[in-house]
Structures are given as structure tokens and as C-alpha cells.
Trainee: 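Have a look at this one before I ask anything.
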Amino acid sequence: MSPSPPHGPAAGAPGAASRPPGSVPFLLRPLDKVLGRRTADQLAKQGAATVAGLLRLLPRRYDTWGELTDLATLAEGEQATLQAEVVRSAARRTRSGRPPAILEATVTDGSGLMDVVLFGAAGLMSAYAAQLVPGSTVLLSGRVGIRQGRRQLAGPRFQVLTDLDDAEREALLARPVPIYPATDALPSWRVAKAVRTVLDQLGPEDVPDPIPADLRDSEGLIDALTAYRWVHMPEGPSQWKAARARLRHEEALVTQTALAQRRAKHAATRTAVAWPEPEADGSLRAALDDSLPFCLTEGQRRVGDELAAALASATPMQRLLQGDVGSGKTLVALRAMAQVVGGGGQAALLAPTEVLAAQHRDSLAALLGPLAGAGTLESSLLTAPGQVPVPTTALHLLTGSTPAPERRRILAALAGGEPGIIVGTHALLSETVRMPFLGLVVVDEQHRFGVAQRDALRERPGITDPATGQVRTPHLLVMTATPIPRTIAMTVFGDLATSILDELPAGRSPVETFLVPWDRQTWVEGLWRRAASEIAGGGRVYVVCPRIDAGDDAMTVEEAPEPLAAGVGLLDGLAGGAGDGSPARALAAVEDWAERLASEPALGGAGVAALTGRMTSAEKDAAMRSFASGAAPVLVATTVIEVGVDIPEATMMVILDADRFGLSQLHQLRGRVGRGGRPSVCMAVTGAEVGSPAYHRLRAFASTLDGFALAEADLDLRSEGNVLGAAQSGRRSDLDLLRVRRDAALIERARAQAEAIIAADPLLSEHRALAAAIADRLDDEAQAYLERS
Ligand code: ADP
Ligand code: MG
């Protein structure tokens with residue numbers, strides 16, 4: 001504890017000039033060499049190990065002395081910065097001698113009282129007591145504790161205002177007080193002091209600026225050293241604001257440059273087969289277009305053109321296709337696959353679960369009709385790459401449960417180079433499935449895929465060029481129905497190009513959504529009567545539960561991709577508010593509810609099927625079929641039906657314990673209805689208390705059908721750090737200034753700036769500081785995260 005003024009004298013900066021040449025750059029010096037072991041150890045716990053790390057430990061907020069704090073409002077544990085008047089003070093020696101003396105004072109803001117205690121040497125304590133005379137005005141900064149029922153500041157920093165002349169006092173009161181994340185062992189003022197010690201030794205030479213000077217000029221940004229001075233020791237609010245704006249820009253630029261560099265590297269080191277854009281007629285894709293029973297939406301046409309052009313290039317396509325539930329992504333993918341197959345290549349469509357893979361095969365077969373006619377080994381021999389395309393395609397389904405003989409047949413056809421489409425789960429990749437003419441990989445519902453699978457995809461070798469022997473990478477199209485706000489797409493998926501399908505096919509009817517509290521008995525009963533009337537009208541009803549059976553305590557993660565459940569849903573897994581607002585009542589389970597509904601009087605004996613990830617694929621198949629056919633118009637299921645399932649007759653979605661699901665999951669579930677022409681409803685049954693976070697999430701869900709709006713609401717409702725994977729990378733400070741919602745425009749600008757930098761200087765040899773910042777900030781783990789995403 002020291003009574004040093006809240007800010008030291010303005011720093012003269014000796015800087016690099018005073019240090020021996022060739023020593024470790026000052027920014028990289030370990031803190032124990034600069035500040036001493038004890039402080040360094042404590043700062044290390046805050047994540048700051050080097051000078052640079054300490055400089056990036058930014059104040060959480062800035063307080064102002066000038067504003068009188070109302071003592072009555074201070075809560076225990078709060079960092080308080082306050083101006084008060086001394087009521088009494090007295091120093092005394094302690095009996096134990098440790099500490100030797102103690103000063104006890106009481107201060108007031110005019111209404112409330114607070115105790116202040118200071119400890120130290122006897123001489124010092126009496127000197128302080130002489131300063132803190134009753135009636136003097138004092139500035140205090142410290143953490144509020146409670147002692148014997150009274151608020152207390154123990155060991156605060158203080159400054160007696162009455163000692164200062166008017167000018168000094170005015171300057172001091174105007175100065176923002178940086179408040180750092182603090183612990184008991186390391187209060188905010190000690191962090192501030194450590195930062196000042198470091199800043200005092202820092203010269204311009206020491207802080208290479210990752211933002212190129214011309215960019216700083218055009219953006220009106222201050223330089224790096226000034227930014228660190230102003231963010232830690234601002235003379236006024238405008239300084240810390242300018243400093244944070246600059247550091248935020250730096251963060252955006254560093255991240256975006258890392259991603260731009262990756263994109264450029266990928267484009268430069270790998271090539272793909274260029275599949276010529278389909279002829280207006282005669283091609284497989286033209287034949288497909290002609291046979292469709294409906295017109296393409298505007299979006300399908302536009303995205304289709306984007307994909308056709310990308311496939312026609314030898315630069316491997318790396319594209320993320322976002323389209324809300326029901327926007328018709330399957331057809332977009334099929335048209336792209338038709339381009340490749342039409343050119344004599346092979347295309348793979350991967351789904352996260354067997355149920356979905358089977359569904360995809362069925363819907364591709366329906367869309368293709370007679371075009372899915374080819375498929376013999378003989379016919380494939382006639383159409384090697386480059387030869388006249390035959391306007392039919394083979395269509396295979398290969399999953400873990402494909403019977404052995406069929407499996408062998410399919411594998412042989414693929415290995416023999418037969419052009420065609422293969423649909424499967426990601427197991428397709430992990431097995432030794434040889435596809436020598438693999439030209440396009442489509443991944444559906446990518447957010448359910450684990451990181452490892454995506455890595456496998458990137459590395460998947462495709463066609464070997466017979467002339468050069470060079471291996472060509474297949475094009476990659478990743479599809480997601482979880483809308484990803486643009487800034488997240490740019491940040492987390494920054495190395496993928498993005499296409500957006502923002503329009504639903506005509507003739508869709510909106511889904512009305514209702515919240516049904518569990519404790520409204522009559523509403524819950526009414527729900528099953530409504531189900532009965534939907535069924536009577538030819539509809540189907542989904543009933544989704546968070547659990548399989550009473551003993552299953554997990555959220556249904558086992559429904560996630562087999563067998564590696566590691567895939568963290570980008571917008572999902574984290575949002576499924578475990579625990580918030582959840583009732584003590586046992587969560588709804590599929591087995592239990594399937595039984596109950598079978599004997600529910602209101603349903604009048606309608607057939608009930610159950611579907612969970614625990615069933616064999618034959619059982620799942622049977623359940624889906626009896627639901628689709630109407631033999632069992634009620635399907636009680638886990639989130640296994642969350643993505644992709646397409647039964648146009650379904651008109652009602654009941655989600656039991658809806659508060660257990662994340663917003664985007666709910667949106668996916670609701671997307672299972674309203675797919676035919678008939679009006680549909682979604683009932684979210686919940687025990688969440690009014691006003692709880694879970695309740696807010698459900699209200700947001702009920703209020704809009706727009707998946708993008710929901711994704712944004714989702715972001716607003718929870719910490720963005722999670723979204724950006726900071727949790728996975730284990731780093732606290734990554735992207736800590738940048739807020740993807742607030743800084744959307746900045747991120748977009750930084751992306752363009754990064755592209756320009758990389759285009760002119762791919763290796764960043766003229767931008768050493770920027771290269772260093774990338775290496776430093778995106779340490780191995782974070783870099784790996786960005787690479788995988
Ligand atoms: P999602 O984008 O959710 O995967 P799907 O690809 O499953 O959507 O398409 C949903 C439904 O819309 C399917 O039944 C599909 O055949 C149909 N569909 C696709 N495109 C159109 C269109 N242009 N006009 C009418 N219906 C379409
Ligand atoms: Mg789909």
C-alpha cells in the first residue's frame with residue numbers, strides 16, 4: 001500500500017536506446033525480469049507473462065474521481081473509486097507487531113459512512129493520520145469488503161485532495177482511473193502500477209506497429225505505443241476511446257490477415273479439376289433443370305451460378321453455403337454435383353447421421369427421377385473424364401449399415417472410377433473408400449461435424465492428373481442451415497467463401513409458435529387435442545424430448561455425429577442453457593412420452609412411433625417410414641430429427657422442455673414443419689420461469705421465423721467469446737476487444753485491408769510487425785482452431 005498519487009508523473013521514455021543492442025526485444029521480456037518475481041507470478045495468473053502480455057491486460061472500465069460515489073450503493077467485492085470526506089482517523093500500534101501499526105478511519109459521502117483501514121510501519125501510519133485529518137477531502141480506490149456488518153475499504157490507495165492546488169486537483173479529477181480485473185492478491189492499483197513501470201521504460205523502438213503507417217493514416221488511428229499509453233494512462237476519456245479503437249482495429253486486422261494468408265496459401269499450393277460449366281442443353285445439369293416440377297428460386301439460381309463458376313476453376317473451391325431451413329439447399333448441391341458428374345467425375349454428399357444420409361439419398365433420387373439411371377460398371381468405362389458426358393448418374397448410399405455384398409459392389413464401382421454421386425455419413429471419409437475421380441465433396445449440416453472430420457476433408461486427395469501425376473484436391477462445399485451472422489462467418493469461417501440462400505421457395509406457409517407453460521394443465525391438454533385435429537386433417541405431429549429415457553441425463557449429444565461426438569455445434573451446443581430456469585421436475589424422455597401418448601385419450605389411439613439415436617438403423621428406418629406414410633402420425637423423438645428431415649405432411653412440432661435447447665436448435669426443430677402448403681404450428685412446452693434467461697430465449701424464438709435474426713439474438717443473449725471459440729482455444733484475450741456484433745463494419749473493412757496486404761505481399765516480408773503479431777497473438781492453439789474452422 002502506498003499513498004502515491006493515483007497517477008505517476010508523465011513518463012519520460014528512455015526506451016530502446018538505453019538498452020544494449022541485440023538483447024531480447026523488450027516486449028518479449030518475461031515480467032519477472034522487469035517487475036520482480038512476486039508481482040510477475042501474480043500477473044501470470046491473469047495471463048500476462050511478458051511485457052506485451054501485460055500491455056494487453058486492458059482495464060475493464062474507467063472510473064472517474066469527479067463523480068461522487070453514493071456509498072450506500074457499493075456492494076461487497078466491488079472495485080470502488082470514490083471521493084469522500086474524512087470523519088475521523090487514528091493510528092495505533094498493534095499488539096502482535098504484524099503489521100506493526102494500523103490506521104483506522106471513517107469517511108462519509110454526506111449520507112452514508114464507510115470504514116477505511118491501512119496497515120504498515122508505525123511512523124508511516126501516524127504520517128497518514130496527519131494527512132487524513134477530519135474534514136479533509138480524500139480520493140480512495142480499493143475493493144469494498146464487509147467487516148462486522150459495515151462496509152470497509154482495506155488497504156486502498158488514497159490521495160488527499162485538500163493538499164493539491166486548484167489546477168492539480170482539476171487535472172486529477174478529470175483523469176479516468178483504469179480499473180483492471182483484480183484479485184485479492186493483486187488489486188487493480190497494483191496492476192496499474194506494474195503497467196506504469198513497464199510503460200515508463202518503453203520507447204517507440206520497442207513497439208513495432210502491426211498496422212502499416214499508410215493504413216493508420218487513412219483510418220485516422222494512433223500508433224501502437226501511444227495506444228498503450230492512452231489505454232492504460234489516459235488523461236481523459238477521448239484518449240482511452242481512441243486507444244481502444246486503434247487496438248480493436250489491430251485485432252481485426254491481425255485476425256483477418258491470418259485468414260487471408262491462409263486462403264492465399266491454400267489457393268496457391270493446391271489445384272482442383274476444373275469442371276466446365278454445363279452446356280445449356282445436353283448436359284446432366286440441364287437435363288435435371290428441365291425435369292424439375294418447380295422453378296428455381298432466385299437465390300438458388302444465383303448461388304447455382306456462383307458454384308458453377310467456382311467449379312469451372314482449377315482453384316479448389318472452399319465455400320460455405322448458408323440457407324435457412326427449407327431454403328432448398330439440397331437442390332443447389334445436386335446441381336453442383338451434376339456439373340461434376342456430367343464432366344465424368346465423382347461427387348460425395350456427406351450427412352451427419354445415417355437417418356439424414358438415407359433421407360438425402362431418397363430426396364436426391366426423387367429430384368433426379370430417371371436421371372439416376374446409370375450405375376453399372378460397364379457404363380462408367382465409357383465415360384472417363386473429359387469424354388462426352390452421359391446425362392444420367394449413378395446414385396449410391398453407403399453407411400455403416402449397408403449390407404456387405406452391396407457395400408463391396410459400391411466400393412468396386414467407386415474404385416473403378418464410375419462417375420456418380422455417393423451419399424453417406426462422414427464414415428465415408430475415414431474408411432478406405434477409393435474415389436479416384438472425386439471432384440466435389442458436399443458436407444451437409446456442417447455444424448454437426450467435428451473438427452477432425454473437417455480436417456480430413458481438407459486433406460482428402462482427389463484426382464491424380466495422369467500427365468503430371470499431381471494430386472488434385474476436390475472442391476468443397478459446406479452447407480449449413482444454422483444461419484451464421486456475417487461477421488462470424490468472416491471470423492470463424494474466414495477461410496471459406498460464403499454463399500447465401502436467403503429466400504424460401506414459394507408456397508411455404510408460416511409456422512405459428514406458442515409457448516406453453518407446463519403448469520397450465522389445460523393448455524397442455526389442449527395441445528394434444530390440437531394434435532388430434534392436425535392428424536384428422538392428414539397432418540403429422542413431431543414430439544421432441546431432451547432425453548431418451550429417465551436414466552439418460554445427458555442432453556442428447558449421442559445424437560450428434562457418430563462416432564466422434566466432438567463436434568461442437570457452432571451456435572448450438574453452447575446455448576442449450578443447462579440448468580438455467582430448469583424445473584426440478586424430471587425432463588421429458590422419449591420412451592416415457594411415446595408410451596403416454598399411445599394411451600392419451602385426446603389422441604384417440606393414433607399410431608405413435610419413437611425415434612432415437614440409440615436405435616439400430618433398421619429400426620430408425622422403420623420409424624421414419626411409418627411416420628411418413630401416416631401409419632404412425634405421431635413421432636416422439638430426440639433431436640435426431642433436428643436437421644434435414646423432410647416430411648412435407650408434418651404440420652405440428654411439439655417441443656417438450658423447450659428451454660433445454662439452444663435457439664438455433666429450436667429453429668431447426670421448427671423447420672421440420674411448414675414444409676408443405678398447409679399452415680403449421682410449433683408448441684414450445686416449458687417450465688422456465690418468466691424472466692429467466694431461458695424464458696427470454698424462448699420468447700425470442702416465438703417472436704420470429706427468421707433464422708438470421710434468431711442467430712443474432714442468440715449472440716446478444718450470451719457471451720460472444722464462446723462463439724468465437726475462445727473457450728476451445730483456452731485463451732482469454734483473443735478477440736477481447738472485438739465484438740462481432742458491434743464491430744461488424746470494422747471486421748468487414750479489416751478483411752478488405754488484409755486481402756490487399758496479402759495480395760501485395762503474400763509472405764508479409766514488408767510487414768514484419770504484422771507477421772509477428774499473427775504469430776504471437778494466434779499462438780499454436782488458436783491458429784489451429786482457425787485452421788480447422
Ligand atoms: P434445406 O435447405 O432445409 O435442406 P431442402 O433442400 O430439404 O431444404 O428443401 C426443402 C423442400 O423444398 C424439399 O422438399 C425440396 O424438394 C423443396 N424445394 C427445393 N427447391 C424448391 C423450389 N425452387 N420450389 C419449390 N420447392 C422446392
Ligand atoms: Mg437440408
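Both ligands and their constituent atoms are indexed starting at 1 by order of listing. In what follows, residues are counted from 1 in the order of the sequence shown.
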Trainee: For atom 23 (N) of ligand 1, which of the options Gly328, Ala366, Cys295 provides the nearest non-hydrogen atom?
Mentor: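 Heavy atom nearest to atom 23 (N) of ligand 1 belongs to Cys295.
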Trainee: Applying salt bridge (charged side-chain N to carboxylate O under 4.0 Å, His left out), which residue pairs with at least one partner in residues 622-635 are found, sequence neighbours left out?
Mentor: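 Qualifying pairs, neighbours excluded: Asp362-Arg625, Asp621-Arg625.
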Trainee: As a quick check of understanding, evaluate side chain to side chain donor-acceptor pair (under 3.5 Å) for Glu354 and Ser401, giving each step before the final call.
Mentor: CA-CA 9 Å; Glu354 289 199 1; Ser401 47; 2.9 Å; yes
Trainee: I'd like to know whether ligand 1 has Gly323 as a neighbour, heavy-atom separation below 4.0 Å.
Mentor: no
Trainee: Hey, is Glu306 close enough to Arg319 for a salt bridge, meaning N to O under 4.0 Å?
Mentor: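 Salt bridge flag = yes for Arg319 with Glu306.
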Trainee: Got a second to check how far Leu350's CG is from Leu356's CG, nearest 0.5 Å?
Mentor: 12.0 Å
Trainee: Below 4.0 angstrom from a heavy atom of Thr330, which ligand 1 atoms are there? Numbered from 1 as shown, please.
Mentor: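 Result: 4 (O), 5 (P), 6 (O), 7 (O).
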Trainee: Pull out every atom of ligand 1 sitting under 4.0 Å from any heavy atom of Leu296, numbered as shown with elements.
Mentor: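 The atoms of ligand 1 under 4.0 Å from a heavy atom of Leu296 are 23 (N).
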Trainee: Where's the contact between Gln300 and ligand 1, heavy-atom distance under 4.0 Å: side chain, backbone, both or neither?
Mentor: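 For Gln300, the contact with ligand 1 is made by the side chain alone.
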Trainee: Strictly below 4.0 Å, N to O, side chains only: are Asp659 and Arg697 in salt-bridge contact?
Mentor: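 Salt bridge flag = no for Arg697 with Asp659.
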Trainee: Could you work out, with salt bridge (charged side-chain N to carboxylate O under 4.0 Å, His left out) as the rule, every residue matching Arg530, not counting sequence neighbours?
Mentor: Glu534
Trainee: Please could you name the atoms of ligand 1 that Arg675 approaches to less than 4.0 Å, counting only its heavy atoms?
Mentor: 3 (O), 5 (P), 7 (O), 8 (O), 10 (C)
Trainee: Should you measure from each heavy atom of Thr297, which atoms of ligand 1 turn up under 4.0 Å away?
Mentor: 23 (N)
Trainee: Are any of the N or O atoms of Leu331 closer than 3.5 Å to those of ligand 1?
Mentor: no
